Each structure stands twice: as structure tokens, then as C-alpha cells.
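Okay, structure first, notes after.
Note that these values count all heavy atoms, side chains included, but never hydrogens, waters or copies made by symmetry. So that the names make sense, note that chain A is the first sequence line, chain B the second, and so on, each numbered from 1. Keep in mind that this is a model prediction, so the values were computed, not measured.
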Amino acid sequence: GAVVSQHPSWVICKSGTSVKIECRSLDFQATTMFWYRQFPKQSLMLMATSNEGSKATYEQGVEKDKFLINHASLTLSTLTVTSAHPEDSSFYICSASTSTGELFFGEGSRLTVL
Amino acid sequence: QKEVEQDPGPLSVPEGAIVSLNCTYSNSAFQYFMWYRQYSRKGPELLMYTYSSGNKEDGRFTAQVDKSSKYISLFIRDSQPSDSATYLCAMCTNAGNMLTFGGGTRLMVKP
């Protein structure tokens, strides 16, 4: 199947710093990518839909200025957690949709804010 | 009521058993149905992708969709300990649209 790469897989940072997570579709072009957040033993929570060349669409309750999303090319979307706090510690997962509608996920990025 | 309902489990079965995982949904507009497997601390992996009603088979996995009953199933034959994971159902109205997920069922296959 298609491959979606996410980097870094694990990041630890101090409170107040910003962290960038990259999501790449390695063997297909993805006009749409999605960013999810997942708490332990819970299902995925959609944060935002990222469209190449336009502003991301955020779900209700997700702070746009806190979670900056950039979809600069058809193969790359980035999520930047700005001024991270311990409550932002979570598992962040991206996904990308192929032209036939199949959705593939990245491996996820574990963020720990001290 | 959630749009997609899925029993959280855990579901514990002996190795070699046939596993049945199910989801019910309320939105009759859903046309695309997916099953994902998620190991602990990993991103979900797409197992099966089906359109509309019917069955689809891939190795030990069979996906069934019954749109009249708004019910989908994933069957795992000859289950293995390596199948132990959380299984998520997901669905959407059109290809490429936002997915609606079930809450996931945790499966444990004991050797």
C-alpha cells in the first residue's frame, strides 16, 4: 500500500518551545492530508484538514494559533505546536488520501512536553 | 448517539479462533468503509477498504458491509497473537472525505 512517513516519531521538549512535525506521502501525491490527536486508549480525534496551497480547516475546539498547519506541497504537510505546554503532550498522527479515496496513516509522533 | 458505534472490548480469544468485529452506524449516506489495525503507539494501518454493500476478502481477513442494516463486520480467520491490536472501523460519504471513526475494539489473541 501507499506509504506515509511522519517525523519525528518521538519528541521531548520544554514548556514554551515550539515543535514541528512533518508528514510526507512518499509514493503518491496527496492534495488532502489530515491531522489527528490521540489520547491513551482513545480513538483518533480529527484536528484539521490540510489542503495543498490553501489554509487548513480546523475542527471545532482546535486552536488555530496553537496548532499551525502548512501544506506547502502535494507530498508534505507540517504541524507546528506553538508554545507547547504539558497538556499538549499527546500522540499526533497524520494521514493522506490517495486519488481513489484510500486513507493511509503515518506512524505517529509522540510529543512529551516537560 | 455517536454516528459510528463500536464495542470497545477487550475481546479475548484463543489462537486459531475466528474473530468477528463489528460496527453500526446511523448515517445512511456513508458509502466507503474501512478497517484499520492499530498497534500500541503506532499509527493505524489500513486493512480493508470497501465501497457500498458486499463482501471483500484478503487473506485471513473478510470485510462485510450491510447497508440496509447499517452494519459492517471484519472477520479474522485463524487468529494469531500478532493480530492483537486495536481495530478501528471508519467510513465516509465520498472518497477523500473526512472519515468518521468508531471508538476501536481492543483484540487480544492468546497463544
Side-chain angles (χ1 to χ4, degrees), chain A residues 1-10 21 23-25 28-52 56-60 62 74 89-112, chain B residues 2-11 21-25 29-52 56 58-59 61 63 65 84-108:
Chain A
V3 179
V4 175
S5 173
Q6 199 171 331
H7 177 81
S9 58
W10 192 14
I21 302 170
C23 180
R24 293 178 185 274
S25 55
F28 67 100
Q29 293 184 329
T31 53
T32 304
M33 290 185 172
F34 302 89
W35 286 96
Y36 299 83
R37 186 172 180 177
Q38 188 174 35
F39 293 102
K41 298 186 179 181
Q42 293 188 30
S43 190
L44 302 165
M45 181 189 79
L46 180 66
M47 297 174 66
T49 302
S50 168
N51 296 296
E52 186 267 337
T57 303
Y58 289 81
E59 294 301 300
Q60 192 173 11
V62 178
L74 286 171
S89 298
S90 189
F91 195 52
Y92 293 89
I93 308 173
C94 71
S95 66
S97 180
T98 68
S99 59
T100 54
E102 292 166 280
L103 193 70
F104 294 92
F105 286 84
E107 282 285 286
S109 299
R110 179 163 300 281
L111 171 64
T112 300
Chain B
K2 294 180 182 178
E3 267 195 299
V4 180
E5 297 277 2
Q6 187 175 5
D7 189 327
L11 176 62
L21 303 166
N22 311 294
C23 286
T24 58
Y25 62 94
F30 286 137
Q31 297 189 82
Y32 295 84
F33 304 91
M34 284 138 273
W35 283 97
Y36 288 88
R37 176 175 63 194
Q38 186 177 23
Y39 293 110
S40 181
R41 300 190 178 190
K42 294 287 186 180
E45 172 193 7
L46 180 63
L47 288 177
M48 302 290 279
Y49 176 74
T50 54
Y51 170 71
S52 196
K56 186 173 183 178
D58 184 1
F61 299 92
V65 175
S84 299
T86 296
Y87 289 79
L88 298 154
C89 66
M91 47 200 78
C92 61
T93 56
N94 293 300
N97 275 16
M98 183 188 76
L99 288 182
T100 301
F101 283 91
T105 299
R106 193 157 71 91
L107 171 67
M108 295 187 293

Inset, instruction - Would you give the length of the straight line joining atom CZ of A/Phe104 to atom CE of B/Met34, rounded to the nearest 0.5 angstrom? - result: 10.5 Å
Legend entry - Any side-chain heavy-atom pair of B/Leu46 and A/Leu103 under 4.5 Å: no
Legend entry - For chain A, the option from B/Gly104, B/Gly103, B/Ser40 that forms the most heavy-atom pairs under 4.5 Å: B/Gly103
Legend entry - For chain A, the option from B/Pro44, B/Gly43, B/Pro8 that forms the most heavy-atom pairs under 4.5 Å: B/Pro44
Inset, instruction - Check each atom of B/Gln6 against the heavy atoms of chain A and say whether the ones under 4.5 Å are side chain, backbone, both or neither. - result: neither
Inset, instruction - Using side-chain contact (heavy atoms from CB on, under 4.5 Å) as the criterion, list what pairs up with A/Ser109, not counting sequence neighbours. - result: A/Gln6, A/Ile21
Inset, instruction - Nearest 0.5 Å please: distance from the CD atom of A/Gln38 over to the CG atom of B/Leu88. - result: 7.0 Å
Legend entry - Pairwise side-chain contact, A/Ile93 with B/Lys42, heavy-atom cut-off 4.5 Å (strictly under): no
Legend entry - Partners passing ring-ring contact (aromatic ring centres under 6.0 Å, His included) against B/Tyr51 (at least two apart in sequence or in another chain): B/Tyr32
Inset, instruction - Name the option with the most non-hydrogen atom pairs under 4.5 Å to chain B; the candidates are A/Thr31, A/Leu44, A/Thr49. - result: A/Leu44
